[in-house]
Amino acid sequence: RIDNLMGQLLSLEGKKDIDLQSKDISQIIHRTINFLAAKIDKHRLKVEYIDESKGTNVYCNEDQIKQLVINVIINAIHASKENGKIIIHTTAESKDYILSIQDFGKGMTKEVQRKIFNAFYSTKYKGLGIGLLIVKRIVDKHHGRISVESEVNKGTILTIRFPIHE
């Protein structure tokens, strides 16, 4: 597991330019949710995907977007209570493609929110603190922005904005 994560991290560090293609990210998200179905079912969670992006394309690297979605959904799974729900929402607004992933789990304090993208910072037992660092680096490589809203015992919304390919 550590080797896999470190390999992902190093691959992001090594390349200045990545292979970007015009893609509909909603299709990548659908495939990734299906890929994670067993893990989602194991935790007795429901994933609701609301796609209002209307087939909007973004210049992206499909493998990196898939890794980003996997990392964020796995964090949402770990934060959620059994029989909980995760909402994934995509929309296009002005010049941005917006991906939001919301859980209704334990949430985070403001202090934790400030640290979640730091290397090796984790609040999870056996957590390596690399997953959200990888997410942040992928967002940066795609010229996007990431933000977090969270309230203790109410949940977290991670919002990622990518520039739209026109």
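Owing to the predicted nature of the structure, the values given are computational and were not obtained by experimental measurement.
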Asks: Give the minimum heavy-atom separation between S94 and I164, together with the two atoms involved.
Replies: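 Taking S94 first and I164 second, the nearest heavy atoms are O-CD1, 3.8 Å.
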Asks: Do side-chain atoms of T91 reach the backbone of S53 as a donor and acceptor pair under 3.5 angstrom?
Replies: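 Answer holds: no.
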Asks: How many angstroms lie between NZ in K141 and SG in C60, if you round to the nearest 0.5 Å?
Replies: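 Spacing of NZ (K141) from SG (C60) equals 15.0 Å.
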Asks: Going only through I, L, V, M, F, W and Y residues with side-chain contacts under 4.5 Å, is there a path from I157 to M108?
Replies: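 In one cluster: no.
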Asks: Is it true that a side-chain atom of N71 and a backbone atom of L132 form a donor plus acceptor pair closer than 3.5 Å?
Replies: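 It does not hold such a pair.
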Asks: Check the pair I160 / L68 against side chain to side chain contact (heavy atoms under 4.5 Å, CB included), numbers first and verdict last.
Replies: CA-CA 10 Å; I160 301 165; L68 175 149; 3.6 Å; yes
Asks: Provide the closest heavy-atom pair for V58 versus P163 in the form atom of the first, atom of the second, distance.
Replies: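 What the structure gives for the nearest pair is CG1-O, 3.6 Å.
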Asks: What distance do D51 atom CG and T90 atom OG1 have between them, rounded to the nearest 0.5 Å?
Replies: 3.5 Å
Asks: Are L99 and F35 joined in one hydrophobic group, where the rule is that I, L, V, M, F, W and Y side chains link up if heavy atoms are under 4.5 Å apart?
Replies: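 Per the 4.5 Å side-chain linkage, L99 and F35 are co-clustered.
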Asks: Quiz question: by atom type and distance under 3.5 Å, do the side chains of N57 and S22 form a donor-acceptor pair?
Replies: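 Present: a donor and an acceptor within the cut-off.
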Asks: Could you walk me through whether H142 and I65 pass side chain to side chain contact (heavy atoms under 4.5 Å, CB included), step by step?
Replies: CA-CA 9 Å; H142 288 79; I65 296 301; 4.0 Å; yes
Asks: Group every Ile, Leu, Val, Met, Phe, Trp and Tyr by side-chain heavy-atom contacts under 4.5 Å, then state whether I88 and I70 land in the same group.
Replies: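 Result: yes, single cluster for both.
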Asks: For L45 versus K81, what's the shortest heavy-atom pair and its separation?
Replies: CD2-O, 3.2 Å
Asks: Say you draw a straight line from CG of L133 to CD1 of I138; how long is it, rounded to the nearest 0.5 Å?
Replies: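 If I round to the nearest 0.5 Å, the distance is 10.0 Å.
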Asks: For the hydrophobic clusters of this structure (ILVMFWY residues joined by side-chain heavy atoms under 4.5 Å, transitively), does one cluster hold both V69 and L36?
Replies: yes
Asks: Taking D96 for its side chain and I98 for its backbone only, find out whether a donor-acceptor pair lies under 3.5 Å.
Replies: no
Asks: Let me know which of R31, Q67, Q21, Q27 forms a side chain to side chain donor-acceptor pair (under 3.5 Å) with E62.
Replies: R31
Asks: Indicate the ring-plane relationship of F162 and Y97, choosing parallel, tilted or perpendicular according to the 30° and 60° boundaries.
Replies: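 If you compare the ring of F162 with that of Y97, the planes turn out tilted.
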Asks: Quick one: pull up CD1 in I86 and CD1 in I33 and give me the separation to the nearest 0.5 Å.
Replies: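 These two atoms lie 9.5 Å from each other.
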Asks: Look up atom CG in D103 and atom OG1 in T156, then write down how far apart they are to the nearest 0.5 Å.
Replies: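 If I round to the nearest 0.5 Å, the distance is 5.0 Å.
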Asks: Could you check whether any side-chain heavy atom of I146 comes within less than 4.5 Å of a side-chain heavy atom of V135, counting everything from C-beta outward?
Replies: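 SC-SC contact between I146 and V135 confirmed.
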Asks: Using 0.5 Å steps for rounding, measure from the CG atom of L20 to the CD atom of Q64.
Replies: 8.0 Å
Asks: Treating H89 as the side-chain partner and E52 as the backbone partner, does any N or O pair qualify as donor plus acceptor under 3.5 Å?
Replies: no
Asks: Applying the 4.5 Å side-chain criterion to the ILVMFWY set and letting contacts propagate, would I28 and V47 be lumped into a single cluster?
Replies: yes
